[in-house]
Each structure stands twice: as C-alpha cells, then as structure tokens.
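Basis for what follows: all heavy atoms, side chains included, without hydrogens, waters or symmetry-related copies.
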There are 2 protein chains.
Amino acid sequence: MKDVAAAAGVALKTVSRVVNDEPGVNPATAERVVAAIAQLGYRRNESARVLRRGRTATIGLVIEDVADPFYSGMSRAVEDVALRHGSLVLSGSSGEDPLRERELVLTFCARRVDGLIIVPAGTDHDYLLPELDAGIAAVFADRPGGLEADTVICDNAGGAHAGVAHLIRHGHRRIAFLGDSASIFTASERLRGYRRALAEAGLPANESLIAMGPADRAGAALCAMLAAADPPTAVFTGNGRITVAALRTGHRPALVGFDDFELADVLTPGVTVVAQAPDGLGRTAAEMLFRRMSGEPGPAERIQLPTRLIPRGSGEIPPP
Amino acid sequence: MKDVAAAAGVALKTVSRVVNDEPGVNPATAERVVAAIAQLGYRRNESARVLRRGRTATIGLVIEDVADPFYSGMSRAVEDVALRHGSLVLSGSSGEDPLRERELVLTFCARRVDGLIIVPAGTDHDYLLPELDAGIAAVFADRPGGLEADTVICDNAGGAHAGVAHLIRHGHRRIAFLGDSASIFTASERLRGYRRALAEAGLPANESLIAMGPADRAGAALCAMLAAADPPTAVFTGNGRITVAALRTGHRPALVGFDDFELADVLTPGVTVVAQAPDGLGRTAAEMLFRRMSGEPGPAERIQLPTRLIPRGSGEIPPP
DNA sequence: GGACCGGATGACAACGTTGTCCAGGGGCCC
DNA sequence: GGGCCCCTGGACAACGTTGTCATCCGGTCC
C-alpha cells in the first residue's frame, strides 16, 4: 500500500480510502490510485486489516466428518450463507472426539473467527465461556451443546415416532431399533421417539430388539436379532450410516431409516426414510449466527426443524 | 500479552518467548508467566502473529462442491494432512464456475494462505501468476490447470479404457458413453480412453452412442439411446453422478461406471465401477503442497494415480 | 473583506506480535 | 583481580492497515 501511495503520489491514507470505498476522495485522485493498484498488482493484506479492525470476516465450522454426506451437505449450506455475508469458512472435522472438537474450536478462536457453528461431539462446553464473553458468537447445530446458546436441531424424537408409527400402521408389532451410541443426543432422542410410538400403540418395549452402537456394528446386531427365536418383522434404523449397514447385510425386513440418502429410491424396494434436510440445518444455523454477529439481542433460541416421512416401499412391506 | 507481562512482572518480549517456547528463559520466570496466562485467560492473537511473521499456517482448498461425496472425501484427506502439519484449511466450492474459482483463490491469497489446492473449474490461470511469484505454493488436483504447476490427477483415460475393455471382454460391441461436458478435462480424457478401447478391439466408434453433458441430462440421453433403432447393449458412465442418473432411469443394461460410490455393492446387480480414490487424491496433493511449502525445489511434477476396476455384477452382464 | 464551512488530503498513532539489538550480572579462566 | 562470555531480560522497531485528528484550499455568506 505504501508503494501504491508512492506510485500515485498520494498519502497512504488516501489509498486506504480508495480501497475501502470511503467517501471524500476526488474521483480524479481515486482513478490515479486505482491505476497504481492495477499496475503494481497490489492486494490488501487481510491480516493487517483484521489486526486493526478486529473482525476477520471468517466463521469456524466444526462438524463430525466432512466426508459424511449429511455433514458435507450442511457444510455447503453454511458456506453459501457465509458467501452471501462476505465471509469465509474455516472448517474442521472432530471425528466425534470431544478433545479434538475443543482443540479445533480454540484454534479457530485464536484466529479470531467472528462466529462458530459447532456440531458438538462432547457435552461439556465450559471451555467456550471465555470466548463467548470475549464476544464470539456461537451456534450449536444438530445437537445441543453443554451450555445456553442458540441451537438448531431437527425433530429427532418426532421423526423417529413418525417412522415407527408408520411401521405399526402397516401391521408390525415386533419392530427393532438400531441406533447410534446412546451417549449421542440424536440417538437417544430417536430412541425416545421409538419408545413413545410403541407405547402409544400399546406394544411392549422389548429390550432385546434394541441395539445401540457405532454403525459398523449395526449389521452384526441386526443379523443376530433376525437369527433369534422370535425375530423382529421390521426395523427402524437410527441414522443414514446404520441404514446402509443394515442394507449391506442382505436381509430385507420391512425397514424405515432416519436420514435420506442418495439411491434410497433406486434400491429395490425403495427405502422408506424419515428425511431431515442437512442443508436446511446448515442454512438455519448460519443465518442465526450472522444475525447474532450483527448484534441481534435476546435469549438463546432453540430452533427445531421438522422431518418428513418419505414412503418408498421398504416401510410398507407387511409382516409375514 | 501486555497485561500478562504486567501481571507476571516481566517484559512483553519475555512473555512472547514463553508463548513460543523460545529458549533462554529462566524456568522460574516462565512459570510465573504461564500462571499469569492461565489466570488472565490469555490467548495469542494469530492475526498479529501472521502480520509479523508472514506465515498463516493456513491453506486454501478450492473444489467443485463440498456436497459431492467425491470432493468431500478429498476434503477430508486434505484436512487430515493439514492437521498433521499444524495448518488449517479454508475451503470453498467453485460450483464449476471459473469466475467463482478465481474469486475464491484471490480471496484466499488476500488472506495470505501459505498454499493452495485447486480443482480447476476454468482453464486460464494467469491470474495466479503474481501470487506464485509472491511465493504462494499451488497444486492442481483432479484436473490440470492452465499453467505449469504441480498437478495430481488420476489415470482417467486408462481407467475408462479398462472399464470399456471389460465390457468388450464380456461380449459387448455396442457400448454407449455417457460423460460430463466435453470441456471438462476428466470427461474428455475418459472419452479418449473409451475410444481407444473400442479401437483396440476393432469396434467402430458410433457417435450416436456418445452423449456428453451435465449429469441431470444423462438420464434422458440414456433413455433416448435405448429407445433408438439399434440400442447399445452396455453403457459406460463417465462419473459418479452420471452413474447414479443412469441407474435412476430404471433401465438396467450392462454398466460400468467411473467412480465408486456408496451402495454400489448393495444394488442388484452390484454396480461394476472403475474406482479412483478421492482420499488418495487429496492426500497426495496436500503432501506435495506441504513439500513445496517447506521449500522443496524442482520443476513442476505431474503425479498420476491409478484406478481400480471393481467387478460387482452390472459390468458382467452378457449382451442379450 | 473577513469569518466560516465543507471537501479533500495528509500525518500520526495504534492494533498485538516478533526480530534485532543491547544491557546487566554472574561465573569462569587466566 | 581483570577480562570475557553466557544467561537472562528488556527496549524498540517493524509488519500493513485503519481511525482520529489536523491541515489546506476554494467558495460562500454576511
């Protein structure tokens, strides 16, 4: 910028004014500056700008794994909203590890991001308090975090309830639930919806038909259930990865899965799912974050997004 | 930092030394400083550090679309390599728009990223030259860019050749090619492999069996071909999205697709694919970038990754 | 004609960090 | 005991930008 000023024969500050479209610069002078900028290939140093102004025009996004289609869809939505607000996105995958989540968040804070969107891996977020006090906005997405802050989640219990009720409506009375580890909020909420649907239909909750754990063990769990003396006639799977694991077993009981996924309609039969919109989640969380960043006051909000049951065949198979 | 120095009763510079693990600080003094840091909840301001040192410990990643599983897999691999090198990743989706690509790259450069990994949307990268001169390292991934720079791509022509030869070996003589727009490097390379395989088998290249264009039109193109007087008995699809579009038509000719995808093995029949490893691509590109960033000299390299044919059933269907 | 005003421009400090250089003090060697 | 060096710590400038305030000039109003 110094060089540009010299080349245009003006003061540093005048160049700064031109670069920032500040008023009060003679058009002729501005033109000279613009020419000098073009000739020297000058580009503003954002680090210095950030240092001076305190705003980075960057938000941090901590998700579980970018490679998971659910989170990559969400990422894209966040990115789009950030773009509209002139911000960039620093993102990182926590891999469901609370320590890694914390490390990522603190690194982002050291970079002075203006705001954070976090898919919490852990439940303790006290480490965030000093940052929030320091004025960094934060929104929890997909799951609630360990403190009062804006949160965007989907209707996990309601969605699971709808899916299980759908199976019950088609005549099933022995419905298995394959869910993620019970310690994960979404998993326990969905289990709650499952139990409520059974209870409302007056069906007994049979614990041997419930398996919670990582997706890579869901297939084995399903096989074991189906091989047991009194096998389930239908299965409700608690997330997209588990649905896929269940499909991969080769067994084809009646099935409704939480989360839509590509090719669900191409399989035979098509896979009935309870769909939540990852892009809606990302967009809503990002928009709320930018509202907070622009100073919107008020207590922490908790937004719940609806789910949608999409019948495609697998959930309409009657019991044998 | 000033406050920390005051609290610990030492000079600014001493705090800096402690924070950066520089030698030459009395352990007792250091401990006092550490205590003051903890008490005040101090965290280093990275912006100022970047401004002073010139290195941001950040790399920029420009891909086509994070929501595409291929690119999200690649993203994750880049992120992991960056993590190992203590760097963060700024990423953005170009959406196959050269202008947006350029804008993203220049924004990243203004943020003074240390290096760039770019999946080129356009073919003209002259805008990068000043940045390269300024010392920013850049690696093109998935496709070559419009200038001499390190490049990591997969063996597109060879992979397509292998896939088509596989169909020929199973007796097919009328094989359609559904590819992305011919202006996209990977698409034209794969088409080249297709033509070479036909030529080597002494088969005529029938232009009416070749359709190039965006994935959302591939389904209609396939239907049209199959409805024609002399339909193809097999199809080679030029990327994952097109494979899915073809499957969605409901027609099930013999098929080999470029790119592996989740559930390819669950469909009936399983979908035979030519797999390239998105994570290998990301990892290789990132590792090369970090080598360059650490000063490795030498001319621009071009690394080509192999592909792998995975027979699953759809590619082994004989002609009717 | 002088006071005043507003637009255009510039000088300067400050943001928070780190690199460079210097100073003081204590130990060691001759 | 003097000279020297090492260890520790501090003062200061610089990174590139922007906010604040001052200056200057031409024009306007009374």
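- Side-chain nitrogen and oxygen atoms of Ser16(B) include at least one within less than 4.0 Å of the OP1 or OP2 phosphate oxygen of dT18(C).
- Heavy atoms of Val50(A) sit nowhere under 4.0 angstrom from any nucleic acid atom.
- Both Ala30(B) and Leu51(B) lie near DNA chain D, and the one whose nearest nucleotide falls closer to the 5' end is Ala30(B).
- If you find the closest nucleotide of DNA chain D to Arg17(A) and to Asn45(A), the one lying nearer the 5' end belongs to Asn45(A).
- For dT9(C), neither phosphate oxygen OP1 nor OP2 lies less than 4.0 angstrom from any side-chain nitrogen or oxygen of Thr14(A).
- Lys13(A) has its NZ atom 9 Å from the C1' atom of dT20(D), to the nearest Å.
- Atoms CZ (Arg112(B)) and C1' (dT17(D)) sit 11 Å apart, rounded to a whole Å.
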### Task
Decide yes or no on side-chain contact (heavy atoms from CB on, under 4.5 Å) for Val50(A) and Val50(B), but give the supporting numbers first.
CA-CA 10 Å; Val50(A) 162; Val50(B) 161; over 6 Å; no

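- Comparing dT9(C), dT8(D), dT18(C) against the side chain of Thr29(B) picks out dT8(D) as the nearest.
- Listed pair Ser47(B) / dG16(C) fails the phosphate criterion, with no side-chain N or O lying under 4.0 Å from OP1 or OP2.
- Atom CG of Leu12(B) and atom C1' of dG9(D) are 12 Å apart (whole Å).
- Between the side chain of Glu101(A) and the backbone N or O of Gly122(A), at least one donor-acceptor pair lies under 3.5 Å.
- Atom CG of Asn26(A) is separated from atom P of dA8(C) by 6 Å (rounded to the nearest Å).
- Among the heavy atoms of the strands lying under 4.0 Å from Val25(A) are primed sugar atoms or P, OP1, OP2 only; no base atom is included.
- Between Asn20(A) and dT18(D) there is a side-chain polar atom (N or O) within less than 4.0 angstrom of OP1 or OP2.
- In this structure, Gln39(A) places its CD atom where only 12 or fewer heavy-atom neighbours from other residues, nucleotides or ligands lie under 6.0 Å away.
- If you measure from atom CZ of Arg32(B) to atom P of dT8(D), you get 14 Å, rounded to the nearest angstrom.
- You won't find any donor-acceptor pair under 3.5 Å spanning the side chain of Arg49(A) and the base of dT17(D), going by distance alone.
- Of all nucleotides listed (dT17(D), dG19(D), dT20(C)), dG19(D) comes nearest to the side chain of Glu22(A).
- Interface remark: the Lys2(A) side chain does not form any donor-acceptor pair with the dG16(D) base, using a distance-only criterion of under 3.5 Å.
- Close to dT18(D), at under 4.0 Å from its OP1 or OP2, lies a side-chain N or O of Arg44(A).
- Rounded to whole Å, the distance from CE on Met1(A) to P on dC15(C) is 19 Å.
- Each of Val10(A) and Arg52(B) was matched to the nucleotide of DNA chain C holding its nearest heavy atom; the match closer to the 5' end belongs to Val10(A).
- Looking at Arg292(A), its side chain does come within 3.5 Å of a backbone N or O of Pro297(A) through a donor-acceptor pair.
- Ion pairing between a basic and an acidic side chain is recognised when a charged N comes within 4.0 Å of a carboxylate O; Arg76(B) and Asp80(B) show such pairing.
- Distance Arg43(B) CZ to dT17(C) C1': 16 Å, rounded to the nearest Å.
- Spacing between atom CZ of Arg55(A) and atom C1' of dC15(C) amounts to 16 Å, rounded to whole angstrom units.
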**Message:** Assess the residue pair Phe70(B) and Asn239(B) against the criterion (side-chain contact (heavy atoms from CB on, under 4.5 Å)); give the C-alpha distance rounded to whole Å, side-chain angles, the decisive distance to 0.1 Å, and a yes or no.
**Reply:** CA-CA 10 Å; Phe70(B) 181 80; Asn239(B) 70 36; over 6 Å; no

